Amino acid sequence: MLGPVILAASRSDRMRRLISAAPVTKQVVDRFIPGETVDDIVPIIEELTDRGLELTMDVVGEDITTPGQAAAARDAYLGLIDRLKPLGLGPKVEMSVKLSMFGQALEGGHELALANVRPVVEAAAAIGTAVTLDAEDHTTLDSMFAIHEELRKDHPETGCVIQAYLFRTEADAHRLAANGSRVRLVKGAYKEPAEVAHQKKHEIDKAYVRVLRTLMEGDGYPMIGSHDPRLISIAQELARRAARKLDEYEFQMLYGIRSEEHLRLAAEGHRMRVYTAYGTDWYGYFMRRLAEKPANLRFFLRSVVGHG
């Protein structure tokens, strides 16, 4: 049960300093976060799209404490979109945003986050692509879903994320499937209490399949966020039963994890989108990747030992 320990460490300033200072950390972080600037990331975008993959871009950073920082996060996404425009990639490269970066946790945060994210959604639409609102801890979700609903009035392609481990998610999935939303389904990567979330892997997996069935049988566009081979096979079978064509759903996986599987699914004709993060404030994102999967943690520890 190392996941909760790692998630606790992700909120520790002392652990942030220790891990950030470790000489090996940058090389390991680069596996998951391939750049710090737009200039770093554009060649990665071009390489992956040339190989038949699609992307969703995440400018990392969540510790927003002032409206000025929230505005800077907005401007970072607008700068990325401006760089994407001449590439003409359209929906092959979309954005993923965390509303915490746009000021959601500040005073008046709901209105502030909506005001900051709206121009990003509008700019993305202007180059033929879309924005997906990432899910964060359960206390933020009512605000996220309300912002999602508001944005879809003018930009119905705006997506959102739901997390299988939360008890509320099955009801959220029915509502979103009925209104035709683009929905990414993930297992969940935040430490949530037993009162609101499944705690055991087998329970989370079963909930994932129930929710995925709802999405596949609904009127929306399911985005399967998983690296689990068994869940990927189940998703393909559920899509077949729902008579969905290959362009009526997609798979999503993280940059740096199961990269050969990305290419295999794309070669089979599936839409395969790679969640690609970049930026300097990488610590929280990196720690959640370690917490999600024991193999990620083993990779990190092997690298530390090898350079000790």
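Predicted model, so just to flag it, every value in this text is computed and none were measured.
- Residues satisfying the side chain to side chain donor-acceptor pair (under 3.5 Å) criterion with His198, sequence neighbours excluded, are absent altogether.
- Distance check, rounded to the nearest 0.5 Å: CE of Met144 to CD of Glu149 gives 12.0 Å.
- At distances below 3.5 Å, at least one donor-acceptor pair connects side-chain atoms of Gln199 with backbone N or O atoms of Ala197.
- Here the closest heavy-atom approach between residue Asp137 and residue Glu192 is recorded as CA-OE2, 3.3 Å.
- No hydrogens or angles considered: a donor-acceptor pair under 3.5 Å links the side chains of Tyr221 and Glu250.
- Under the 4.0 Å criterion applied to side-chain N and carboxylate O atoms, Asp134 and Arg184 are assigned as salt-bridge partners.
- Closest approach of Leu78 and Ala123 over heavy atoms only: CD2-CB, 3.7 Å.
- Taking Tyr77 as the reference, Asp58 meet the side chain to side chain donor-acceptor pair (under 3.5 Å) condition, with sequence neighbours excluded.
- Checking side-chain atoms of Thr276 against main-chain N and O of Val274 turns up a donor-acceptor pair under 3.5 Å.
- Partners of Glu203 by side chain to side chain donor-acceptor pair (under 3.5 Å), not counting sequence neighbours: none found.
- Using a 4.5 Å heavy-atom cutoff, the side chains of Tyr190 and Glu136 are in contact.
- In the model, Glu94 has a side-chain atom that pairs as donor or acceptor with a side-chain atom of Thr56 under 3.5 Å.
- In summary, Arg244 and Glu217 do not engage in a salt bridge, as defined by a charged side-chain N under 4.0 Å from a carboxylate O.
- Applying the salt bridge (Lys or Arg N to Asp or Glu O under 4.0 Å) rule to Lys187 yields the partners Asp205, Asp228; only residues at least two apart in sequence or on another chain are considered.
- A salt bridge does not link Asp82 with Lys85: none of the charged nitrogens is closer than 4.0 Å to a carboxylate oxygen.
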*For Thr132 and Ser96, what are the C-alpha separation, side-chain angles and deciding distance, and is it a side chain to side chain donor-acceptor pair (under 3.5 Å)?*
CA-CA 5 Å; Thr132 293; Ser96 285; 5.1 Å; no
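- Residues that satisfy the salt bridge (Lys or Arg N to Asp or Glu O under 4.0 Å) test with Arg83, not counting sequence neighbours, are Asp39.
- The two residues Gly220 and Pro222 make their nearest non-hydrogen contact at O-CD, 3.6 Å.
- A distance of 6.0 Å separates CG in Leu185 from CG in Leu212, rounded to the nearest 0.5 Å.
- For the side chain to side chain contact (heavy atoms under 4.5 Å, CB included) test with Tyr278, the passing option among Ile41, Ile45, Val60, Asp40 is Ile41; the others fail.
- Listed for the Thr129 side chain is a donor-acceptor partner under 3.5 Å among the backbone atoms of Val93.
- Heavy atoms only, all atoms of each residue included: Ala164 and Ala207 are closest at O-CB, 3.5 Å.
- Counting only distance, with no hydrogens or angles, the side chain of Thr158 and the backbone of His148 share no donor-acceptor pair below 3.5 Å.
- A salt bridge links Glu54 to Arg271: one of the charged nitrogens lies within less than 4.0 Å of a carboxylate oxygen.
- Few gaps surround CD on Glu268; more than 12 heavy atoms of other groups in view lie less than 6.0 Å from it.
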*asked:* Using side chain to side chain donor-acceptor pair (under 3.5 Å), reason through His138 and Gln163 one step at a time and then give a plain yes or no.
replied: CA-CA 9 Å; His138 76 278; Gln163 301 168 103; over 6 Å; no
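- If you chain together hydrophobic residues whose side chains sit under 4.5 Å apart, Leu133 and Met95 fall into the same group.
- A salt bridge between Arg241 and Glu237 is present, with a side-chain N of the basic residue lying under 4.0 Å from a carboxylate O of the acidic one.
- For residues 112-123, the pairs satisfying side-chain hydrogen bond (donor to acceptor under 3.5 Å, both in side chains) are Arg74-Asn116, with sequence neighbours left out.
- The two atoms that bring Ala135 and Leu141 nearest to each other are CB-CD2, 4.0 Å, heavy atoms only.
- The shortest side-chain heavy-atom distance between Pro34 and Tyr255 falls under the 4.5 Å cut-off.
- With a 4.5 Å cut-off on side-chain heavy atoms, Glu261 and Arg264 count as touching.
- A salt bridge links Asp142 and Arg168; the closest N-O separation between the charged side-chain nitrogens and carboxylate oxygens is under 4.0 Å.
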